[in-house]
Amino acid sequence: VRKHFILEGTARQLSYSKQGFGSKVKLPDNRDRFGHGRKLKDQLETIAAECGDEIEGVTIEVRSSPQFELMVESLDLKRSGIELLSVTTGADQIQRALVFVPISKFRILIGKINSYLDRSKDKLSKDKIEVPRNNNLIVSIDEIRRAGIRAMWSDNEEFFPESGVSIWFEVWLRDLPEAENRFREFARKQRLKTGSLILRFVDRIVIPIHCAIEDLEIALEELGLIAEVRLVRVPASEFLELDSNTQVILIEDLIRRVQAPTKDAPAVCLLDNGVVQAHPLLESALEGVDCLTFKASWGTTDRGSRQHG
């Protein structure tokens with residue numbers, strides 16, 4: 001029988017401290033005001049010009065410098081139709097914000113940069129130093145580019161599919177009027193299969209679709225509805241519905257690839273109404289002597305909860 005881990009003396013009491021307000025974001029201090037501002041303005045104007053007036057809007061990817069953060073609150077301007085979709089930080093320590101911008105609203109972001117560049121709009125800080133308007137937002141941004149479908153990928157990077165391979169995706173749409181109908185109509189025209197079941201969250205609609213990643217690139221450009229993309233996960237119910245012969249084949253295949261735990265490996269205590277210790281997937285990790293019961297008459301065989309599995 002394995003001993004329990006008993007943790008003692010690990011807690012400590014702290015007095016309550018009120019959380020302060022204001023920006024805690026660390027900002028780069030080596031920006032060339034006018035060179036940096038003009039660079040970001042040029043990037044926005046180039047994206048807007050490439051889009052033209054044929055589409056409703058476009059998703060842009062706003063990047064920080066490595067090991068710095070963005071002023072993301074200043075990028076979420078929903079009243080103006082500019083919507084912050086997601087914020088992530090990669091292994092390269094660069095923070096990325098995906099922002100949907102209606103074509104007609106690029107002028108708002110460009111206007112913020114113009115105000116940053118205009119010395120006449122500078123304001124005095126508490127230390128009586130002139131600070132450019134929108135300084136924290138503009139300084140926190142290192143680069144702005146048009147987001148492709150790769151940027152919308154929120155699943156594990158190693159799962160990003162190869163070109164030309166059709167698989168099932170979860171497409172997370174912005175919850176707008178007619179968003180589902182527009183996406184399904186796109187799929188119908190492209191002869192793509194969509195799932196009948198959807199998930200609805202406060203601000204997202206999740207629709208499964210069977211297609212290649214290039215098809216989603218087209219949907220991103222044409223519809224402006226996609227907030228993120230993931231792989232569809234296979235639910236456990238599909239395994240439970242397999243016939244016994246198929247289950248045996250899959251179990252044997254898994255056993256060949258599983259490394260059994262060592263005798264001194266960490267263990268957990270699970271309270272249940274029994275367990276099938278002799279199951280091929282459990283017997284290498286659960287010894288018979290570790291199956292205990294309060295009353296011997298109860299036995300240790302599983303009676304239906306299947307928690308151990």
Side-chain angles (χ1 to χ4, degrees), residues 23 25 40-41 43-64 68-90 94-116 133-134 136-155 169-187 198-209 216-230:
S23 170
V25 175
L40 298 183
K41 181 179 178 181
Q43 290 172 350
L44 282 175
E45 290 178 338
T46 298
I47 295 172
E50 289 175 350
C51 294
D53 299 324
E54 293 79 17
I55 58 176
E56 173 190 348
V58 65
T59 299
I60 61 174
E61 181 181 1
V62 182
R63 296 187 170 200
S64 73
F68 290 93
E69 297 179 5
L70 297 166
M71 296 293 295
V72 292
E73 298 86 353
S74 300
L75 294 171
D76 195 19
L77 308 172
K78 288 187 177 180
R79 290 187 177 181
S80 301
I82 298 173
E83 180 183 349
L84 178 66
L85 302 179
S86 65
V87 181
T88 58
T89 302
I94 294 176
Q95 192 172 66
R96 296 167 173 83
L98 295 178
V99 184
F100 177 80
V101 185
I103 299 301
S104 61
K105 303 299 182 179
F106 267 84
R107 57 180 175 79
I108 294 177
L109 297 181
I110 293 173
K112 288 182 176 294
I113 298 176
N114 285 335
S115 295
Y116 168 80
R133 188 174 294 276
N134 304 315
N136 289 357
L137 170 62
I138 307 304
V139 169
S140 74
I141 299 172
D142 185 66
E143 180 185 9
I144 303 173
R145 59 175 67 179
R146 184 172 182 173
I149 200 64
R150 186 73 186 240
M152 315 302 291
W153 185 254
S154 60
D155 215 322
F169 294 98
E170 286 181 4
V171 178
W172 294 58
L173 304 177
R174 299 162 58 223
D175 190 7
L176 300 175
E178 297 298 312
E180 180 186 354
N181 292 338
R182 288 175 58 195
F183 186 76
R184 290 192 185 278
E185 178 63 16
F186 166 84
I198 66 170
L199 290 176
R200 286 188 180 274
F201 297 96
V202 175
D203 56 353
R204 295 289 181 264
I205 304 172
V206 186
I207 301 180
I209 183 171
L216 294 182
E217 189 80 66
I218 297 172
L220 174 64
E221 294 181 5
E222 291 188 3
L223 302 177
L225 294 173
I226 297 178
E228 58 182 287
V229 178
R230 306 178 186 179

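- Counting heavy atoms from C-beta outward, L85 and E228 have side chains that stay 4.5 Å or more apart.
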Requested in this report: Starting from the C-alpha separation in whole Å, work towards a yes-or-no answer on side-chain contact (heavy atoms from CB on, under 4.5 Å) for L70 and V87.
Outcome: CA-CA 9 Å; L70 297 166; V87 181; 5.6 Å; no
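- Expressed to the nearest 0.5 Å, how far CG of N114 lies from NZ of K41 amounts to 4.0 Å.
- Between R230 and S154, the closest side-chain pair of non-hydrogen atoms falls below 4.5 Å.
- To the nearest 0.5 angstrom, L176 atom CG is 7.0 Å from E83 atom CD.
- The distance from the CZ atom of R174 to the CZ atom of F100 is 4.5 Å, given to the nearest 0.5 Å.
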Query raised in the report: Is there a salt bridge (charged side-chain N to carboxylate O under 4.0 Å, His left out) between E180 and R200 once you walk through the steps?
Result: CA-CA 11 Å; E180 180 186 354; R200 286 188 180 274; 3.2 Å; yes
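- Nearest heavy atoms, I198 versus R184: CG2-NH2, 3.2 Å.
- Residue-environment remark: CG (N181) exceeds the threshold of 12 foreign heavy atoms within 6.0 Å.
- Taking OG1 of T59 as the reference point, atom CD of E221 lies at 10.5 Å (rounded to 0.5 Å).
- Atom CD of residue E61 and atom CE of residue M152 lie 9.5 Å apart, to the nearest 0.5 angstrom.
- Of the possible donor and acceptor atoms, one in the side chain of Q43 sits under 3.5 Å from a partner among the backbone N and O of I144.
- Aromatic ring pairs are classed by plane angle as parallel below 30°, tilted from 30° to 60° and perpendicular above 60°; the pair F169 and W153 is perpendicular.
- Judged by distance alone, the side chain of R63 and the main-chain N or O of I94 form no donor-acceptor pair under 3.5 Å.
- Counting heavy atoms from C-beta outward, S140 and Q95 have side chains that stay 4.5 Å or more apart.
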Query raised in the report: Could you walk me through whether L216 and L220 pass the side-chain contact (heavy atoms from CB on, under 4.5 Å) check?
Result: CA-CA 6 Å; L216 294 182; L220 174 64; over 6 Å; no
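- Shortest non-hydrogen contact noted between S115 and N134 is CB-ND2, 3.7 Å.
- Contact of the R204 side chain with the D175 side chain is not registered, since no non-hydrogen atoms from C-beta on lie closer than 4.5 Å.
- Two residues are said to be in side-chain contact when any heavy atoms from C-beta on lie closer than 4.5 Å; I205 and L225 fail this criterion.
- Closest heavy-atom contact between S64 and E69: CB-C, 4.2 Å.
- Residues A219 and I226 share a closest heavy-atom pair of CB-CD1, 4.1 Å.
- Residues F106 and V58 meet the side-chain proximity criterion, which asks for heavy atoms closer than 4.5 Å.
- Contact of the V99 side chain with the I82 side chain is registered, since non-hydrogen atoms from C-beta on lie closer than 4.5 Å.
- Minimum heavy-atom separation, L84 to A97: CD1-CB, 3.9 Å.
- When only modelled atom types and interatomic distance are considered, R96 and T88 share no side-chain donor-acceptor pair under 3.5 Å.
- Closest of all the heavy-atom pairs between I103 and I55 is CG1-O, 3.4 Å.
- Using a 4.5 Å heavy-atom threshold, the side chains of I209 and F183 count as touching.
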Report task. Output, in order, the C-alpha distance, side-chain angles, deciding distance and verdict of side-chain contact (heavy atoms from CB on, under 4.5 Å) for L137 and Y116. Result -> CA-CA 9 Å; L137 170 62; Y116 168 80; over 6 Å; no
